[in-house]
Amino acid sequence: MDQGNSKVVFSNWKYQHYFSLIEIKGKNVYVTCTLCPGKKTLSTSASSNSNLMKQHNQHIVSSSEGDGATLLKQATLDFSGQQQVTKAELNTLIARYVVENMLPLSTVESESFRAILAKIPIRGGGRGVAPCRNTFAKFIDSEYEKINIELKKSFEEIEYISTTADIWTAHNKIYMGVTAHWINPNNMEREKAALACRQFKGHHTHDAIAVELDNIHSTYGITHKITATVTDNGSNFVKAFKRYQPLEESDSEDDEDEVTFTDINDALHRCASHTLNLISCTDVDKWLLSKPATKAVYRSATAKCTALWNKTSRSTLATETVDELVSKKLLVPCTTRWNSFYDALARICEISKVDLNTISSKLGLTAITEREHQFLKEYCTVMKPLTVALDILQGEDNCFHGTLLPTMETLMLKTEAIKTRFADVLGNEEAILAAVTLPKFKLRWLRSQELKDKAKGSLLAECRKIVLKEPQTPPLQQKTRWQTILNLQHKNFNSLCGFSLIKKISLRYNAATPSSAPVERLFSLGKLVFSPRGTDCQTKDSKKLLLLRYNHWFSR
């Protein structure tokens, strides 16, 4: 074996990293151990290291016996210190587990849960012990108070806030939910928080809604900071805002007895997602049924789909039949989830007509014809842009009020129904200002130069209003300020934030969301609490858990 091959063999030894190569002579390799005291030279065959390990062990033993050296032992790493937690940290971990999974407070009294905690070492000695239910309830109360204090403190530093509100019925009880939304002026990121999910007793009339909503806003001291409240198209909410408008501030102390009402659009934003859903369901449905060419095929196709949905949702055998044939689960439309009808039809369109007929035959249903199958495919093709727009407007973290008009403009190129449903929104100056001050849109979404010039004019007018309202500045600074207004140009996000006036306008008009989807998500979490499953079903603890969960209090 040559010297080159010997080096290769040595480098492939399992324990070669413990030895330092001295030299290679012929078929022998000479090394020293990097772990042992002294510089004892060991040799072995280049093709095998078994003899080397035997020599090494003998050397360790002889050294320990002859020289009185202490036999070296491998150090044991102790990780116990890292695994220990304090009692306060353990209580927080317990709370996070209960809140994130929306479990009843009685979880802490579970024997199996306590057995798990008993395996956790506590710093200072002892093992983890779950607090009793009453103690844990007091801990949740204190944390709930902390989050309210933190929210109120945060709202004091925010100039513009929007809210979403809705009413939800569960188990013969009515609940009002309210969420708040604002833009962090430091990083221009959207932030949110749940303000309330409280039982609404009595009839939810417009006056009762107005009083309850005002109470929630007043609790957090944000009544005068609300730029808009987004709701669905319910007549009771609309009437509540018509009858109870926010008062405009007056500079004169002599006008205390005079009441001035603002336009409803200054206080109420109707949920754009809800309006789009009305188009996709109500308007499209009416149009298809009004045309003789589509009425019959639309009714027959949807009737057969409905029969298929009912069969598979009520029979496990039917579900297994579908799984065996197409390995896909059929989606069933849900009235409370937007786009669900489209999603259900799109799933059926993914299945070939041959497989659909096989499924129908095995389930004893009437098969879908070629014409009906083609109609469903065309329906999904036409409706897809609308459903995409719905998904965009339901976004929560990156969907601003300024997203609304660019989305509608794009959608109008593909459907005319938008102009009817969104007639009041398309020319809304607040919505235009929200869009043009949003860096990702600016003026790009406007299709004509005339509209762009008009939007620029509105933006300049809004900037002038802000300048006139601000305290007087020295002439030189004031001149520079006006020069900034006259030279406003959109370049990129960083330069946009450099314009304090434009940034202030964006913070105000983009605080609102185009959809009430956030409060709908709050109610989705509420299903885990306000149900027979939750032992704390009708207690205040449930609502506290819900708000702590939505606001991610324990996972920060």
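You'll find the ring centres of F155 and W182 inside the 6.0 Å limit.
A donor-acceptor pair under 3.5 Å is formed between the side chain of T410 and the backbone N or O of P406. In this structure a side-chain-to-backbone donor-acceptor pair under 3.5 Å is present from S162 to A511. The main-chain N or O of N215 is found under 3.5 Å from a side-chain atom of T219 such that the two form a donor-acceptor pair. N339 places no side-chain N or O within 3.5 Å of a backbone atom of Y342 that could act as its donor or acceptor partner. D214 places no side-chain N or O within donor-acceptor distance of the main-chain N or O of A210, the cut-off being under 3.5 Å. With hydrogens and angles disregarded, a donor-acceptor distance shorter than 3.5 Å links the side chain of R549 to the backbone of E100. For the pair T92 (side chain) and A88 (backbone), a donor-acceptor distance under 3.5 Å is present. E89 contributes no side-chain N or O that, together with a main-chain N or O of V85, makes up a donor-acceptor pair within less than 3.5 Å. Judged by distance alone, the side chain of K87 and the main-chain N or O of G128 form no donor-acceptor pair under 3.5 Å. Of the possible donor and acceptor atoms, none in the side chain of K543 sits under 3.5 Å from a partner among the backbone N and O of A196.
Residues V230 and T513 share a closest heavy-atom pair of CG2-O, 3.1 Å. Taking all atoms of both residues into account, the shortest heavy-atom contact from R190 to C399 is NE-O, 3.1 Å. Nearest heavy-atom pair, C132 versus T135, reported as atom, atom and distance to 0.1 Å: SG-OG1, 3.0 Å. When all heavy atoms are compared, the tightest approach of S340 to C334 is OG-O, 2.7 Å. For the residue pair K225 and I158, the shortest heavy atom distance occurs at NZ-O, 2.8 Å. Contact record, P185 with K503: O-NZ, 2.7 Å, taken as the closest heavy-atom pair.
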| message | Evaluate F400 against I183 for side chain to side chain contact (heavy atoms under 4.5 Å, CB included), listing each step before the verdict. | response | CA-CA 9 Å; F400 304 87; I183 300 176; 3.8 Å; yes
| Where do E109 and R114 land on the salt bridge (Lys or Arg N to Asp or Glu O under 4.0 Å) test, with the steps shown first? | CA-CA 7 Å; E109 296 179 340; R114 287 176 171 270; over 6 Å; no
| What do the steps show when you test L195 against L547 for side chain to side chain contact (heavy atoms under 4.5 Å, CB included), and what is the final call? | CA-CA 7 Å; L195 301 184; L547 297 185; over 6 Å; no
| request: With ring pair (Phe, Tyr, Trp, His ring centres under 6.0 Å) as the test, would you mind laying out the steps for F113 and Y97 before giving the verdict? | output: CA-CA 11 Å; F113 182 71; Y97 170 73; 5.7 Å; yes
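Ring pair W168/Y175 is tilted by interplanar angle, where 30° to 60° counts as tilted.
Summarising the local packing, NZ of K440 is surrounded by more than 12 heavy atoms from other residues, nucleotides or ligands at distances under 6.0 Å. For K456, the NZ atom is loosely surrounded, since the number of other residues' heavy atoms within 6.0 Å does not exceed 12.
With sequence neighbours excluded, no residue forms a side-chain hydrogen bond (donor to acceptor under 3.5 Å, both in side chains) with K454. The side-chain hydrogen bond (donor to acceptor under 3.5 Å, both in side chains) search around S515 returns S273, not counting sequence neighbours. Checked against salt bridge (charged side-chain N to carboxylate O under 4.0 Å, His left out), D285 has no partners two or more places apart in sequence or in another chain. Take E145 and apply the salt bridge (charged side-chain N to carboxylate O under 4.0 Å, His left out) test, not counting sequence neighbours, and it matches no residue. R347 meets the side chain to side chain contact (heavy atoms under 4.5 Å, CB included) test with K328, L330, L331, E350; sequence neighbours excluded. Not counting sequence neighbours, the partners of K146 by the salt bridge (charged side-chain N to carboxylate O under 4.0 Å, His left out) test are E143. Judged as a ring pair (Phe, Tyr, Trp, His ring centres under 6.0 Å), and not counting sequence neighbours, F136 has no contacts. Applying the side chain to side chain contact (heavy atoms under 4.5 Å, CB included) criterion to V382, with sequence neighbours excluded, gives no partner residue. By the salt bridge (charged side-chain N to carboxylate O under 4.0 Å, His left out) test, R447 is found to be paired with E409, residues two or more places apart in sequence or in another chain being considered. In this structure T223 satisfies the side-chain hydrogen bond (donor to acceptor under 3.5 Å, both in side chains) test together with S218, sequence neighbours excluded. For L93, the side chain to side chain contact (heavy atoms under 4.5 Å, CB included) test picks out no residue, with sequence neighbours left out.
The CG atom of L151 lies 11.5 Å from the CD atom of E156; values are rounded to the nearest 0.5 Å. Separating the CD1 atom in I226 from the NE2 atom in H224 is a distance of 9.5 Å, to the nearest 0.5 Å. Atom OH of Y379 and atom CZ of F341 lie 5.0 Å apart (nearest 0.5 Å). Rounding to the nearest 0.5 angstrom, the gap separating the OG1 atom in T387 from the CG atom in N277 is 11.0 Å. For the atom pair T403 OG1 and M408 CE, the distance stands at 10.5 Å (nearest 0.5 Å). Atom CG in L438 sits 12.0 Å away from atom CG in L433 (nearest 0.5 Å).
Proximity of L548 to F554: side-chain heavy atoms (C-beta onward) are separated by under 4.5 Å at one or more points. Side chains of E159 and L507 form no contact here, defined as non-hydrogen atoms less than 4.5 Å apart. When side chains are defined from C-beta on, V99 does not count as touching W553, because their heavy atoms never get closer than 4.5 Å. With a 4.5 Å cut-off on side-chain heavy atoms, K201 and I174 do not count as touching. Between D166 and E520 the shortest side-chain heavy-atom distance falls below 4.5 Å. Side chains of S516 and T231 form no contact here, defined as non-hydrogen atoms less than 4.5 Å apart. Considering only heavy atoms from C-beta on, L393 comes within 4.5 Å of L276 through its side chain. Side-chain contact between N91 and P131 is present, with heavy atoms from C-beta onward closer than 4.5 Å.
Side-chain contact of H217 with T163: a donor-acceptor pair under 3.5 Å is present, judged by distance alone. A side-chain N or O of E191 and one of N184 form a donor-acceptor pair less than 3.5 Å apart. In summary, the side chains of Y160 and N510 do not present any donor paired with an acceptor at a separation below 3.5 Å, with no hydrogens or angles considered. In this model, a donor atom of one side chain and an acceptor atom of the other lie less than 3.5 Å apart for T164 and T179.
Every pair passing salt bridge (charged side-chain N to carboxylate O under 4.0 Å, His left out) that includes a residue from residues 508-518 is listed here, sequence neighbours excluded: E462-R508.
For K192 and Y550, the positive end sits near the middle of the six-membered ring, less than 6.0 Å away and at most 45° from its axis.
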